Visitor: 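The structure's right below; bear with me while I get my questions together.
All values below were derived from every heavy atom in this structure, side-chain atoms included, with hydrogens, water molecules and symmetry-related copies excluded. Numbered from 1 within each chain, the chains take letters A, B, ... in sequence-line order. Bear in mind that the values here come from a model prediction, so they are computed numbers and not experimental data.
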Protein chains: 2
Amino acid sequence: MILKSQVEWALHCCAILAGLPAGRYLSTKALAEFHGLPKEYLSKALQSLSQAGLVDTTLGPSGGYRLAKAPAELTFLDIVEAVEGNARTFVCNNIRANNPCRPLGYCESGPCAVARIMWEADEAWRQKLRSVRLSDLIETLSRDIPAELWKSSFEWVLERAG
Amino acid sequence: MILKSQVEWALHCCAILAGLPAGRYLSTKALAEFHGLPKEYLSKALQSLSQAGLVDTTLGPSGGYRLAKAPAELTFLDIVEAVEGNARTFVCNNIRANNPCRPLGYCESGPCAVARIMWEADEAWRQKLRSVRLSDLIETLSRDIPAELWKSSFEWVLERAG
DNA sequence: TCTATTAAGGATATAAAATATCCCTATTTC
DNA sequence: GAAATAGGGATATTTTATATCCTTAATAGA
């Protein structure tokens, strides 16, 4: 069970978009080049963000993507679910229903105990992702990344932002 | 990102094995029949449990599986990881290394900030699974399942336990 | 000893999901 | 009008999950 690499791509792209001045857009092409990713496929991840309402888009030359909300209003969970979907990571196939000892017409009172526990763990994962905002990531990155590289990256992006 | 159905199978099988009297074994065939699962494929899940040391096995007629530890000493995480593996659910491909602004020979000081956060969420999921013991599941099941069905299932298993 | 039954595990087949590319359309900028 | 863009459909490739089959070694019981 491994998350799609598109999740990683979407998170890094949002981090870049968070640094974009208000009103500017950044294209798939620029985001793909910056991260060394296949443009066409990255485009699918960005479309997912768009469909989820996390980013705004515009067409034409100087078109591209920008965040639809402030970085403090975007959580990791928003981004992960936009790309990966919000289906639970554990699917209950209700195999208890195959118990040969069951009387005919027997009906469960509620979800399977195994599933309930697995879903609680799933929820713990989501809760953690929900607790981290994109602004938190930016803050961490600004501490992690040398000022020199931070600055040159920002300029690289600005040169290509429409 | 969805867990293998073998995880569900393994959890239910462990719940059954937990009810087995000391020294008795239950075969793949019985476990498959009880849960309505393909015997050959379920066998792979049970082999995973065996390789992880969660169950003991014995060969021959009246052979099969039994728990290697008390239900209170077995956690959900033990079982999930035996089947699903213990690799983290988020893989960092370190795409930041493709940043075209990086000076040559630049070397990261530590893991990517994005990965660190995703790994914390992964750990929150594991921590929750680690906090639930097989004995907790049994307790819940004994409350959920009607006494009648609980009893007949127990007898069904006993008839087939070697 | 012989036979039936079992787990272990290798080989292979099938189905589903992830990864990726290509192409066409509508929109926007210049 | 030309160039660049996002959106999205179609398709191909690779990887993973699911499933079956078969052989081997061990064990229990007749």
Visitor: Quick one: do B:Glu84 and B:Lys4 make a salt bridge, cutoff under 4.0 Å?
Guide: no
Visitor: Closest nucleotide of DNA chain D for B:Gly60 versus for A:Gly60: which of these residues is on the 5' side?
Guide: A:Gly60
Visitor: Measure CE/A:Met1 against P/C:dA18 and give the value in whole Å, please.
Guide: 12 Å
Visitor: Of A:Ser62 and A:Gln6, whose nearest nucleotide on DNA chain C comes first from the 5' end?
Guide: A:Gln6
Visitor: Describe the nucleic acid contact of A:Tyr65 in one word from base, sugar-phosphate, nothing, applying a heavy-atom distance below 4.0 Å.
Guide: sugar-phosphate
Visitor: Indicate whether OP1 or OP2 belonging to D:dG7 is found under 4.0 Å from a side-chain N or O atom of A:Gln51.
Guide: no
Visitor: Starting the side chain at C-beta, find the nucleotide from D:dA6, C:dA8, C:dT21 nearest to A:Leu59.
Guide: D:dA6
Visitor: Tell me whether A:Arg130 is salt-bridged to A:Glu123, with the criterion being a basic N under 4.0 Å from an acidic carboxylate O.
Guide: yes
Visitor: Quick one: do the B:Asn99 and A:Ser153 side chains pair a donor with an acceptor below 3.5 Å?
Guide: yes
Visitor: Looking for any heavy atom pair under 4.0 Å, which part of the strands does A:Gly64 touch: base, sugar-phosphate only, or nothing?
Guide: sugar-phosphate
Visitor: Is A:Ser43 near enough to D:dG7 that one of its side-chain N or O atoms lies under 4.0 angstrom from OP1 or OP2?
Guide: no
Visitor: What is the distance from CD1 of B:Ile95 to P of C:dT19, rounded to the nearest Å?
Guide: 13 Å
Visitor: Using atom OH of B:Tyr25 as one end and atom C1' of D:dG29 as the other, report the distance to the nearest whole Å.
Guide: 17 Å
Visitor: Strictly below 4.0 Å: does A:Thr28 bring a side-chain N or O up to OP1 or OP2 of D:dA6?
Guide: yes
Visitor: Reckon A:Thr57 has a side-chain N or O less than 4.0 Å from the OP1 or OP2 of D:dG7?
Guide: yes
Visitor: Between atom CG in B:Leu17 and atom P in C:dA7, what is the gap in whole Å?
Guide: 11 Å
Visitor: Please list every donor-acceptor pair under 3.5 Å in which a side-chain atom of residues 54-63 of chain A meets a protein atom from a residue at least two apart or in another chain.
Guide:
none

Visitor: If you check the A:Pro61 side chain, which of D:dA4, C:dT19, D:dT5 turns out closest?
Guide: D:dA4
Visitor: According to a strict under-4.0 Å criterion, is A:Ser50 in side-chain N/O contact with OP1 or OP2 of D:dG7?
Guide: yes
Visitor: Below 4.0 angstrom from OP1 or OP2 of D:dT14, is there any side-chain N or O of A:Tyr41?
Guide: no
Visitor: To the nearest Å, how far apart are B:Lys39 NZ and C:dA8 P?
Guide: 12 Å
Visitor: For C:dG10, does the base pair up with any side-chain atom of B:Lys44 as donor and acceptor (N or O, under 3.5 Å, distance only)?
Guide: yes
Visitor: State, without any angle test, whether A:Asn94 and A:Arg96 hold a side-chain donor-acceptor pair at a distance under 3.5 Å.
Guide: yes
Visitor: Roughly, in whole Å, what's the span from CG in A:Leu3 to P in C:dT19?
Guide: 10 Å
Visitor: Which nucleotide, C:dA18, D:dA19, C:dA20, lies nearest any side-chain atom of A:Pro38?
Guide: C:dA20
Visitor: Hey, which of these two, A:Lys4 or B:Leu46, hits DNA chain C nearer its 5' end, going by closest nucleotide?
Guide: B:Leu46
Visitor: Whole angstrom is fine here: how far is it from CG in B:Asn93 over to P in C:dA20?
Guide: 9 Å
Visitor: Out of C:dT19, D:dC21, C:dA7, which has the shortest distance to the side chain of B:Glu40?
Guide: D:dC21
Visitor: When the distance from CD of A:Gln47 to P of C:dA26 is rounded to whole Å, what number comes out?
Guide: 16 Å
Visitor: Quick one: OG1 on B:Thr75 to CZ on B:Arg126, what's the gap to the nearest 0.5 Å?
Guide: 11.0 Å
